[in-house]
Amino acid sequence: MSDADVAALLLVRVVLGIVMIAHGLNHWRGGGRIEGTARWFTGLGLRGGTLQAWMSVVTEIGAGALLIAGLLTPLACAAVVSVMLVAGVLAHRPNGFFVFKEGYEYVLVLAVVSLALAVLGPGRLSVDHAGDIEVTGWAGGGIALGVAVAATAGLLGVFWRPATKSAEPQPTDTAEAPAAPGQPAEQETR
């Protein structure tokens with residue numbers, strides 16, 4: 001492996017790690033804090049919103065730290081892929097591809113970069129390399145993808161309860177009349 005390859009892998013690991021830590025910190029300390037994150041997860045159809053929020057925080061910060069260190073790289077990549085699969089399926093897929101429409105473009109890129117990193121390995125400047133525990137190639141990619149898919153399926157199978165058509169409010173005869181011309185209509189809130 002050339003010095004350029006080593007530097008490129010380090011750059012990808014560190015940037016991806018920082019992005020994941022930032023995501024975790026935002027879910028924990030940003031905007032609505034853990035309570036807001038819990039409400040958001042509940043709104044996506046996940047039971048145990050507070051548990052989901054904390055699992056997300058721990059997974060994102062933990063995976064980010066492991067990536068920066070280059071430790072247990074296929075498992076750190078699996079964590080990123082799993083988080084992105086959940087986000088992609090529940091939050092972004094219905095919005096189409098483009099990120100500017102809240103689509104799955106961004107989460108797809110993070111997942112694919114993570115999977116590629118699992119295949120390529122963390123490089124010489126990593127704890128995995130120093131400890132002679134690097135798993136690369138098809139094995140690294142297989143571990144990352146297999147663990148990610150199993151974790152995602154497990155989480156969705158246990159916690160996801162999508163809204164059903166019968167749970168949606170039905171129109172009634174006593175529904176409010178539409179807003180008069182010149183009056184703003186009520187807007188949905190997220």
Side-chain angles (χ1 to χ4, degrees), residues 1-30 37 41 44 46 52-93 95-157 159:
M1 185 175 286
S2 72
D3 289 342
D5 295 338
V6 171
L9 289 172
L10 178 63
L11 179 65
V12 169
R13 273 192 7 244
V14 169
V15 169
L16 185 57
I18 290 169
V19 166
M20 293 311 298
I21 290 170
H23 274 259
L25 290 173
N26 187 56
H27 283 152
W28 179 18
R29 307 292 295 170
T37 301
F41 278 120
L44 293 175
L46 290 169
Q52 299 302 321
W54 281 114
M55 286 186 348
S56 175
V57 166
V58 169
T59 301
E60 291 170 348
I61 291 173
L66 289 173
L67 285 168
I68 290 169
L71 176 61
L72 304 174
T73 303
L75 295 177
C77 291
V80 174
V81 172
S82 182
V83 167
M84 295 306 125
L85 280 172
V86 171
V89 168
L90 298 185
H92 300 288
R93 182 186 47 83
N95 301 320
F97 178 73
F98 294 105
V99 71
F100 60 85
K101 294 183 179 180
E102 296 195 32
Y104 60 87
E105 176 183 15
Y106 178 67
V107 296
L108 176 65
V109 169
L110 291 179
V112 170
V113 166
S114 296
L115 186 57
L117 183 59
V119 170
L120 295 171
R124 280 195 316 255
L125 298 177
S126 68
V127 175
D128 284 349
H129 182 78
D132 199 25
I133 58 171
E134 270 183 296
V135 180
T136 62
W138 292 114
I143 290 168
L145 187 59
V147 169
V149 169
T152 301
L155 183 135
L156 295 177
F159 293 103

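For clarity, every value in this text was computed on a predicted model and none was experimentally measured.
With sequence neighbours left out, Tyr104 forms a ring pair (Phe, Tyr, Trp, His ring centres under 6.0 Å) with Phe97. For Val99, the side chain to side chain contact (heavy atoms under 4.5 Å, CB included) partners two or more places apart in sequence, or in a different chain, are Glu105, Tyr106. Not counting sequence neighbours, the partners of Val127 by the side chain to side chain contact (heavy atoms under 4.5 Å, CB included) test are Ala69, Leu71. Residues satisfying the side chain to side chain contact (heavy atoms under 4.5 Å, CB included) criterion with Ala63, sequence neighbours excluded, are Ala79, Val80. By the side chain to side chain contact (heavy atoms under 4.5 Å, CB included) test, Val135 pairs with Pro74, Ala139, Ile143, sequence neighbours left out.
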Anything under 3.5 Å between a donor and an acceptor, one on a side chain of residues 144-156, the other on a protein residue two or more places apart or in another chain? List them.
unit_1	atom_1	unit_2	atom_2	d
Thr152	OG1	Ser82	OG	2.9
Thr152	OG1	Ala148	O	2.8

Would you mind writing out the side-chain donor-acceptor pairs for residues 4-16 within the sub-3.5 Å range, not counting sequence neighbours?
unit_1	atom_1	unit_2	atom_2	d
Asp5	OD2	Ser2	N	3.4
Asp5	OD2	Ser2	OG	3.2
Arg13	NE	Leu67	O	2.7
Arg13	NH1	Pro122	O	2.7
Arg13	NH1	Leu125	O	3.1
Arg13	NH2	Ile68	O	3.0
Arg13	NH2	Leu125	O	3.0

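Applying the salt bridge (charged side-chain N to carboxylate O under 4.0 Å, His left out) test to residues at least two apart or on different chains, none of the pairs has a partner in residues 70-81. Residues in residues 133-154 take part in no salt bridge (charged side-chain N to carboxylate O under 4.0 Å, His left out) pair, two or more places apart or across chains. Within the structure, the salt bridge (charged side-chain N to carboxylate O under 4.0 Å, His left out) test picks out the following pairs touching residues 121-131 (sequence neighbours left out): Asp3-Arg124. Annotation: side-chain hydrogen bond (donor to acceptor under 3.5 Å, both in side chains) contacts involving residues 110-122, sequence neighbours excluded, are absent.
Counting non-hydrogen atoms of neighbouring residues, nucleotides and ligands closer than 6.0 angstrom, the CH2 atom of Trp54 exceeds 12 such neighbours.
Classified by interplanar angle (parallel below 30°, tilted 30° to 60°, perpendicular above 60°), the ring pair His27/His23 is perpendicular.
Rounding to the nearest 0.5 angstrom, the gap separating the SG atom in Cys77 from the CG atom in Leu66 is 10.0 Å.
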